[in-house]
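Structure first, commentary second.
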Number of protein chains: 2
Amino acid sequence: MSSNIKDVAKLANVSISTVSRVINNASNVQPETKKKVLDAIKKLNFKPNKIAQSLGGGSFHSIGVVSSRSSNQGFVPLILQSIAEVADEKGYEIILNNSADEMKELEKCLSMIESKVVQGLILLSSRINDLLIEKLYELNFPFVVLGKVLNEYLANRVYSVDTDNLADCKEALNYLISLGHKRIACIHAPLNYVVSKERLDGYIEAHKEAGIPVDYSLVANGGYDINQSYEAAIRLLKTPNPPTAIFATDDIKAVGAYKAMLELGLKIPEDISLIGHNNYDISQITTPPLTTIDVPILQLGKVVTEKLFDLIEGKTTDVRTILDTKFIVRGSCKRL
Amino acid sequence: MSSNIKDVAKLANVSISTVSRVINNASNVQPETKKKVLDAIKKLNFKPNKIAQSLGGGSFHSIGVVSSRSSNQGFVPLILQSIAEVADEKGYEIILNNSADEMKELEKCLSMIESKVVQGLILLSSRINDLLIEKLYELNFPFVVLGKVLNEYLANRVYSVDTDNLADCKEALNYLISLGHKRIACIHAPLNYVVSKERLDGYIEAHKEAGIPVDYSLVANGGYDINQSYEAAIRLLKTPNPPTAIFATDDIKAVGAYKAMLELGLKIPEDISLIGHNNYDISQITTPPLTTIDVPILQLGKVVTEKLFDLIEGKTTDVRTILDTKFIVRGSCKRL
DNA sequence: ATAATTGAAAAAAACGTTTCCATAATATAT
DNA sequence: ATATATTATGGAAACGTTTTTTTCAATTAT
């Protein structure tokens, strides 16, 4: 069926090594020889077998992308797009690891590493006690985390790209507080993810700094999807002493809350203020449009992938890179 | 650093072939020999090199997933999740191809095939004149399309999994027509994608069957994102003789239209009716919730992947599989 | 004119497996 | 007890490359 380097060598009447040199355009091959080989390659429509190249030459060029099922669905397509762009340029394949549970994910990643399938790994989220991160660090395998590593020891050692979630959330909260809000609720994502905890911490710290005691009855888990956050918002709003503002740790959750507000007849921002996070497309379609925090998702993907290649290629690179965000004031908040 | 089969053989004091047999748990190996080998494997923490296995044994087990950048963003995470589930079970890797433009996509796919990296391909969308599909068919390479192939010759030959977009859209339109609507607008996705054209065709056919002439001034391209469909809806609604209903070819576009309606002070469904497609989470959060067509995304992913494995394994399988959908009447339509 | 130097190309080893074939040992049938 | 079939194992070829080493010829220096 398909030809191999031997066929080419035979047809061009040269040795296998010469063909190999031509393929990898090594310097020391006579122009006429090169032409013969190139002609043979063309005639046979020969394409080097990448698997064989990998065995012979060193390694299969690919990076793994680990995306927990529960990681923020909204940005998966975007982040994959920008990772692919960089990887393509480098001639690397992208191997997806989309495991159902944490143990399977760990197992699959280790197997990919041990069996020499991937040269590096991008983790699209980090969890509070992330076994995978610990293990990868132990192995001294090239990997970059999108987000923050909580573990104190690893935090300064594991390469990561992130936005400053704590500061961003504090800024959003300070904005609400400056508008006179004192009863501000928080709808957050499941707290086993570091990013969720960080954003909640921003909420808490802002309270502390402003001297407002945190009322934990105003803090609710908004789960993974829009309906869970809708339900959380309903619960928060139906209390005797409801909040005057809701801070959601992502726009999807904010939209869930938005629905609850409309349903309860609350006008935004007249009756209640609302803030999201990430600046997804969806944040522009609510009426009024959502005040939120813009996260440069494509840029994150680009930087995280570039950092990984730095590691793979043995270049030095910053352990941690923080990208700028922008607080975007639209129309969903009002002075009390 | 890491051990190979030779090391294991030496430690267990057996031949390389015996180790190989144990790894691939061949039947004919004495229990005690097997134990020796297994012990050695454990002691050395040996993991077979997948690349070498691929060269020796036949092929690198992986499937490629082709996702055009402009393919429907909403379901990428979901479909990847279900593809991963099936591929994992089979022990196949998933290699992503997320190319920017059509030519690059074609090139990359052919290269992956020629260089023996992938055993099969899943195309997450098909275009009107899809060079990739034609080429893959010519090569007789295992691949499955999620969606429909328009080309008459290929339609009965290329393996595909789909929902019945034409019928589904007709059902939705008939519903609107049965409610007395006659001026129904359509906001569709870019028509180079087959699915967009099909859904628009459903809109047109329903008109014809009901004897209502299609007014093409009511048909608008809603582009790729929520804002473009918002703008399209604004244009449609600001005409002298505006529609009484809008049919959007997906929920994202419906939400864009929803925003336009709210902004123009139109009450849904009192002043105008609205229908979406796909039953994304988001369709439940509008007020009123969106009448839409439920598409079983996870199921589509499962079936498309299973079909691909049937092809890879040489089993016979239906050329085309159509999955059931469900028209979901919520609250966004009203009798005229 | 001869030895040393260079350069292109061939030959061969290596990468880490699987698999085919041969061999020795064991079990079964006559 | 002998011939035959079966089984467990080892040896070696094969997979398709890259890379190192060797060979040979041509050039340069002495």
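In what follows, every heavy atom counts, from backbone to side chain, and hydrogens, waters and symmetry copies are set aside. Residue numbers start from 1 in every chain, and the chains themselves are labelled A, B, ... in the order their sequence lines are given, proteins ahead of strands.
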Ring pair (Phe, Tyr, Trp, His ring centres under 6.0 Å) partners for A:Tyr159, two or more places apart: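 Listed in chain order: nothing, the list is empty.
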Tell me, please, which residues at least two apart from [X] pass side-chain contact (heavy atoms from CB on, under 4.5 Å).
{"X": "B:Lys6", "answer": "B:Asn4, B:Ile16"}
{"X": "B:Pro296", "answer": "B:Thr163, B:Gln299, B:Leu323, B:Thr325"}
{"X": "A:Asn49", "answer": "A:Ile51, A:Ala52, B:Lys116"}

Review item, nucleotides 11-14 of chain D N/O atoms under 3.5 Å of protein N/O:
unit_1: D:dG11; atom_1: N7; unit_2: B:Ser17; atom_2: OG; d: 3.1
unit_1: D:dG11; atom_1: O6; unit_2: B:Ser17; atom_2: OG; d: 3.0

Atom-pair distance ([atom1] on [X]; [atom2] on [N]), nearest Å:
{"X": "A:His61", "N": "D:dT17", "atom1": "NE2", "atom2": "P", "result": "15 Å"}
{"X": "B:Glu32", "N": "D:dT7", "atom1": "CD", "atom2": "P", "result": "17 Å"}
{"X": "A:Lys50", "N": "D:dT18", "atom1": "NZ", "atom2": "C1'", "result": "16 Å"}
{"X": "B:Gln30", "N": "D:dT6", "atom1": "CD", "atom2": "P", "result": "17 Å"}

Sequence-distant partners of A:Asp162, salt bridge (Lys or Arg N to Asp or Glu O under 4.0 Å), two or more places apart: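 For A:Asp162 the salt bridge (Lys or Arg N to Asp or Glu O under 4.0 Å) partners, ignoring immediate neighbours, are A:Arg320.
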Salt bridge (Lys or Arg N to Asp or Glu O under 4.0 Å) against A:Asp88, all qualifying residues, sequence neighbours excluded: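 Here the qualifying residues are B:Lys108.
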With A:Asn24 via side chain to side chain donor-acceptor pair (under 3.5 Å) - residues at least two apart: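 A:Asn24 satisfies side chain to side chain donor-acceptor pair (under 3.5 Å) with A:Ser20 once adjacent residues are dropped.
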Global bending angle along the helix from C:dA1-D:dT30 to C:dT30-D:dA1, which compares the axes of five pairs at either end, to 10 degrees: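 About 50° separates the two local helix axes.
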Sugar-phosphate, base or nothing in reach of A:Ser20, heavy atoms under 4.0 Å: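 Counting heavy atoms under 4.0 Å across all strands, the contact made by A:Ser20 includes a base.
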Touch class at under 4.0 angstrom, heavy-atom based, for A:Ser54 against every strand present: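 If one applies the 4.0 Å heavy-atom cut-off, A:Ser54 turns out to touch nothing in the nucleic acid.
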Ion pair A:Glu138/A:Lys135, N-O distance below 4.0 Å: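 Salt bridge present between A:Glu138 and A:Lys135.
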Near-strand residues of residues 4-11 of chain A, defined as heavy-atom separation under 4.0 angstrom from DNA chain D: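 The stretch gives A:Asn4, A:Ile5 as the residues lying under 4.0 Å from the strand, ordered by number.
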Whether B:Thr321 side chain and B:Val161 backbone form a donor-acceptor pair below 3.5 Å: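 No.
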Any donor-acceptor N/O pair, A:Lys307 side chain to A:Asp318 backbone, under 3.5 Å: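 Judged by distance alone, yes, a pair lies under 3.5 Å.
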NZ (B:Lys302) with more than 12 external heavy atoms under 6.0 Å: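 Counting neighbours around NZ of B:Lys302, 12 or fewer heavy atoms of other residues, nucleotides or ligands fall under 6.0 Å, so no.
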More than 12 heavy atoms of other groups within 6.0 Å of A:Asn140 CG: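 No.
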Positional range of nucleotides in DNA chain C within the contact set of chain A, heavy-atom, under 4.0 Å: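 That gives a stretch of C:dA8 to C:dG16.
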Pairs where residues 78-135 of chain B contributes a residue and the test ring-ring contact (aromatic ring centres under 6.0 Å, His included) is met, not counting sequence neighbours: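 Residue pairs with at least one partner in residues 78-135 of chain B: B:His61-B:Tyr92, B:Tyr92-B:Phe309.
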Comparing A:Asn49 and B:Val29 on DNA chain D - which has the more 5′ nearest nucleotide: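 Closer to the 5' end of DNA chain D: B:Val29.
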